[in-house]
Every structure is written in structure tokens, then in C-alpha cells.
Amino acid sequence: MPASYAYLGPEGTFTEVALRTLPEAATRELIPYVSVQSALDAVRAGEAEAAFVPIENSVEGGITTTLDELVAGAPLTIYREVLLSITFALLVRPGTKLSDIKTVSAHPAAQPQVRNWLRNNLPDAAWESAASNADAARLVQEGRYDAAFAGEFAAARYGLEALETGIHDAENAQTRFVLVGRPARPAAPTGADKTSVVLWQRDDHPGGLRDLLGEFATRGINLMLLQSRPTGEGIGNYCFCIDAEGHISDRRVAEALMGLKRICLQVRFLGSYPRADADVADVRPLFPGTSDDEFVSAADWVARCQDGRF
Ligand SMILES: O=C(O)C(=O)Cc1ccccc1
């Protein structure tokens, strides 16, 4: 298997910075791709062992390109996640003044994080979306746009200077990134894990979403993400991307997935992997009656009843 990780490039993205925080990245060749799709396709084609892409940010929610690829593309599995705090720098060609800036560019997910700053400082600048924040910096270097919102670290790479740093409308804005590979056995549970799935309802009925959520609730499983995505089959047709606390090898999670498999049209397992916030998170105490031991003894009890040994 090629020892390389594909990532959303070009060089100098927040994605690259987040990827380099993973110890395993030090032993891999890191290859930038022009889009989330092309990085994921490199994995599907066997050109890269895994791909590292943004999936969610705390201001705007899901990064829809990534979610839609994981929902509808050839199956892939999430193995790791990384959380990165994000503030932007306004990068310009040397000598550019604020009053010279007519066009600004960045990844679409950056816009909600700098909207107020733009309103207050560059209310007339036209927004131009780029494939990534570093790509916006590259386009500024080429003279296509006047300024880019990107990491301050991207300035040197693209011969730009930071006219302003520390730009963030929301304090503590974080972006979550995932390492995605071809489907294989999940890593062993760590005690602070997360399981990601996509659910498609069998039919439209009152309380349908509550029925899906109930499979988690009755087993004491907390949810960390619930994002609906259109199925593409008409207005009102959605599937649900869910991150739940726990690992598929935890009995309560496995039983919840079995319940969902029985009642959903389709369930796509996206992986069980260690939580990036495990150090700081108060790992929630288990809801009474939901430990592996309690599932095992309940199953034993049913078996004994079936046997007439109760
Ligand atoms: O990694 C980047 O630089 C990206 O373009 C993705 C992104 C977008 C917005 C915030 C963090 C990462």
C-alpha cells in the first residue's frame, strides 16, 4: 500500500497544519490535492493510503462537500479526527493597502467566520470562493484577487504579507478534520470514541426522526453531530449524518446500530475512531444500565428464560 496521505491543498492550508499534528503523518508522504473530491478519489483509486479533509466547523456546521462524498460516494471510513482552532490573516501582495482591496477570496467555509470583519473593514469588497484558503492565497499571488483569508503561515509560501492577523468573528472557532481511508476494521476502542453513521428513513411518517434518535436515547448514547443532507430525490428528502459517543465494539452502540439497521431503509457506517477532544472532554459517565456488562448479563438472563432456567 502506498505510504502517502492525500490532503486538501495546495501547500499552506489549515488542513495541512492539522494533518501534521497526527504522529502518523510524520512517516507518510503528504500529497496536496486541489479539492476534497480529488483527495478522496485518490484513496478510492488506491493512489493514497488515506485522505485528510475538513468535515465540520464550529461556526458554519458541516463542510458539505466532504459530507456528501461520505454519504453518497464509494464507501470510505473515518479513522482519526483532529480539531484545530482557526483565526485568519488577510494576505495581500506586498505594498497593497486596505483601500486597494476590491476582491477577497477564501474557501466558502471561511466566509461565515470573517463576515462581520468584512462588513466593518471592507464592506464593498467582492467575495470570490476558492477551492481552499491556501488556493485563495495562490490566486492573490497570481494577481487574480487582491486579498485572501488564510492562515498567517501561508504568507511566506505565496510571497504575500499579512495586512491583518487574528481575524475571527467568533471566539474559539474550531474546524474538525478527518483522516479517511478505504473500509477496514476500526481501531480498538480507547474509552473516548465516536461513531459516525448516515441514516436513510424507510418512509415518511410522524415521529420518524424521533424513532431514529430513540435508538440512541434508550441506550444512553449522547449525539455529537446531527446534520441532514438532501438525498437529491426531491424537496423534503433528507438523510441524516450522525456522530454518536462510543465505539461500535461497545454493546450499547452495536445494539443501537442493530436497531437502526432494522428500522432504516439504509445505514452507512462511517467509522469508530478516537475523539480528538478526549483530553479535555469530561467523558460522560455511562447512563445506568448501558455498560457492556449490563448488556451481557441481560442477554444471559433472556437466554436462561428461554431455557427455562429463570
Ligand atoms: O484547510 C483550508 O485552508 C481550507 O480551505 C479548509 C478550511 C476552510 C475554513 C476553515 C478551515 C479550513
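Whatever order the structure lists ligands and atoms in, that order sets their numbers, starting from 1. Values reported hereafter were calculated over all heavy atoms of this structure, with side chains retained and with hydrogens, waters and symmetry mates removed.
- Using a 4.0 Å cut-off to heavy atoms of S132, the atoms of ligand 1 that qualify are 5 (O).
- Of the protein's heavy atoms, T175 OG1, 3.5 Å lies nearest to atom 11 (C) of ligand 1.
- Atom CG of D300 has more than 12 neighbouring heavy atoms from other residues, nucleotides or ligands inside a 6.0 Å radius.
- With hydrogens and angles disregarded, a donor-acceptor distance shorter than 3.5 Å links the side chain of Q227 to the backbone of G62.
- The protein heavy atom nearest to atom 9 (C) of ligand 1 is N133 ND2, 3.6 Å.
- Between W117 and F149, the ring centre distance stays below 6.0 Å.
- F14 and F153 have their aromatic ring centers within a separation under 6.0 angstrom.
- Remark: among candidates P54, A18, P108, the nearest residue to atom 6 (C) of ligand 1 is P54, based on non-hydrogen atoms.
- When each atom of ligand 1 is checked for a heavy atom of T15 under 4.0 Å away, the hits are 1 (O), 2 (C).
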Please evaluate residues Y273 and T77 with respect to the criterion side chain to side chain donor-acceptor pair (under 3.5 Å), reporting the C-alpha separation (whole Å), side-chain torsions for both, the decisive distance (0.1 Å), and the verdict. CA-CA 10 Å; Y273 48 94; T77 302; over 6 Å; no

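- Listed by number with element, the atoms of ligand 1 under 4.0 Å from a non-hydrogen atom of H107 are 5 (O), 8 (C).
- Note: no N/O pair closer than 3.5 Å links I86 and ligand 1 by distance alone.
- Side-chain contact between W127 and S105 is absent, with no heavy-atom pair separated by less than 4.5 Å.
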